[in-house]
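See structure below.
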Amino acid sequence: QVQLVESGGGLVQPGGSLRLSCVTSGTIFSIYDMAWYRQAPGKRRELVAAITNGGNTNYVDSVKGRFTISRDNAKKTVYLRMNSLKPEDTAVYSCNTRSLDWPWGQGTQVTVSS
C-alpha cells in the first residue's frame, strides 16, 4: 500500500519561506515522475511543480523563480522549497505522481498572511 506523508507547512508572513517534504513508502519511488499540487479554498486542485525521474523540472507560471522542486530517491522523498511567498500561495499542498497514480495523503497547510 502506497502512503504519502507531507509536512513542513505552516503560517508565514508574505515574503517568507517554507520547505515542504513528502515522504513516500510502499513503492519504487525512483521510477516515477513526481509533482506537488495545491488546492485553495473554493478552487480546483492545481499542479504547482513537477520533476521527472531524471530530474527535469517544470513549474506553473505563478511560482516560477520562487519555488524549487527536488527529490532524493534514496529517501523516497520529494521536496518543495518556497521563497518569496505571497498570500495567493495559501493552500493545502499535496504530492503525488505526475499521473496521479497513488491515493492522496493528508497534505500540509500553507498560510501566507501578515
Side-chain angles (χ1 to χ4, degrees):
Q1 179 73 18
V2 176
Q3 288 191 316
L4 306 172
V5 180
E6 298 94 344
S7 63
L11 173 64
V12 62
Q13 293 186 342
S17 298
L18 287 172
R19 187 197 192 206
L20 307 183
S21 300
C22 173
V23 180
T24 72
S25 60
T27 185
I28 305 173
F29 175 81
S30 62
I31 67 174
Y32 288 95
D33 297 342
M34 295 297 298
W36 280 95
Y37 303 81
R38 67 185 179 188
Q39 186 167 22
K43 295 187 176 181
R44 297 178 63 179
R45 181 180 282 129
E46 67 169 342
L47 184 146
V48 175
I51 185 167
T52 68
N53 56 11
N56 294 316
T57 60
N58 62 79
Y59 302 89
V60 68
D61 285 347
S62 60
V63 308
K64 283 181 179 177
R66 300 189 297 122
F67 290 12
T68 303
I69 188 172
S70 61
R71 64 191 296 161
D72 185 331
N73 288 339
K75 296 181 178 180
K76 297 187 176 183
T77 301
V78 60
Y79 303 97
L80 186 66
R81 176 67 179 181
M82 305 186 297
N83 295 328
S84 303
L85 282 161
K86 304 176 180 180
E88 51 263 43
D89 295 318
T90 295
V92 175
Y93 286 71
S94 302
C95 73
N96 210 312
T97 68
R98 183 64 180 86
S99 303
L100 301 179
D101 295 293
W102 301 333
W104 293 100
Q106 83 286 352
T108 186
Q109 175 70 48
V110 172
T111 303
V112 185
S113 175
S114 55

At what distance, to the nearest 0.5 angstrom, does [atom1] of [X] lie from [atom2] of [Y]?
X   : Y    : atom1 : atom2 : result
F67 : W36  : CZ    : CH2   : 11.0 Å
Y93 : L80  : OH    : CG    : 7.5 Å
T90 : Q109 : OG1   : CD    : 7.0 Å
K76 : M34  : NZ    : CE    : 11.5 Å
D33 : N96  : CG    : CG    : 12.0 Å
C95 : I69  : SG    : CD1   : 9.0 Å

[Y] reachable from [X] in the ILVMFWY side-chain graph, under 4.5 Å edges:
X    : Y   : result
I51  : I28 : yes
V110 : V78 : yes
F29  : Y79 : no
L85  : L20 : yes

Atom of [X], atom of [Y] and distance for their closest heavy-atom approach:
X    : Y    : value
S114 : P14  : N-CD, 3.7 Å
L47  : V60  : O-CB, 3.7 Å
R38  : A91  : CB-CB, 3.8 Å
Q106 : E6   : NE2-O, 2.8 Å
Y59  : T68  : OH-CA, 3.4 Å
G8   : T108 : N-OG1, 3.9 Å

I'd like to know if the side chain of N83 pairs up with that of S17 as donor and acceptor (distance under 3.5 Å, no hydrogens or angles considered).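 Note: N83 and S17 side chains meet the donor-acceptor criterion.
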Regarding K86 and D89, does a basic nitrogen lie under 4.0 Å from an acidic carboxylate oxygen?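 Not counted as a salt bridge, because no side-chain N and carboxylate O are separated by less than 4.0 Å.
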Run the side chain to side chain contact (heavy atoms under 4.5 Å, CB included) test on V48 and M82 for me, step by step, so that the C-alpha distance in whole Å, both residues' side-chain angles and the decisive distance to 0.1 Å come before the verdict. CA-CA 11 Å; V48 175; M82 305 186 297; over 6 Å; no
Step by step, work out the ring-ring contact (aromatic ring centres under 6.0 Å, His included) result for Y32 and W102. CA-CA 11 Å; Y32 288 95; W102 301 333; 4.8 Å; yes
So, the side chain of T52 versus the backbone of G54: is there a donor-acceptor pair under 3.5 Å, distance only? yes
For R45 and S94, indicate whether the former's side chain and the latter's backbone hold a donor-acceptor pair under 3.5 Å.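 Absent.
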Would you say [X] has more than 12 foreign heavy atoms packed within less than 6.0 Å of its [atom1]?
X   : atom1 : answer
Q1  : CD    : no
R81 : CZ    : yes
I31 : CD1   : yes

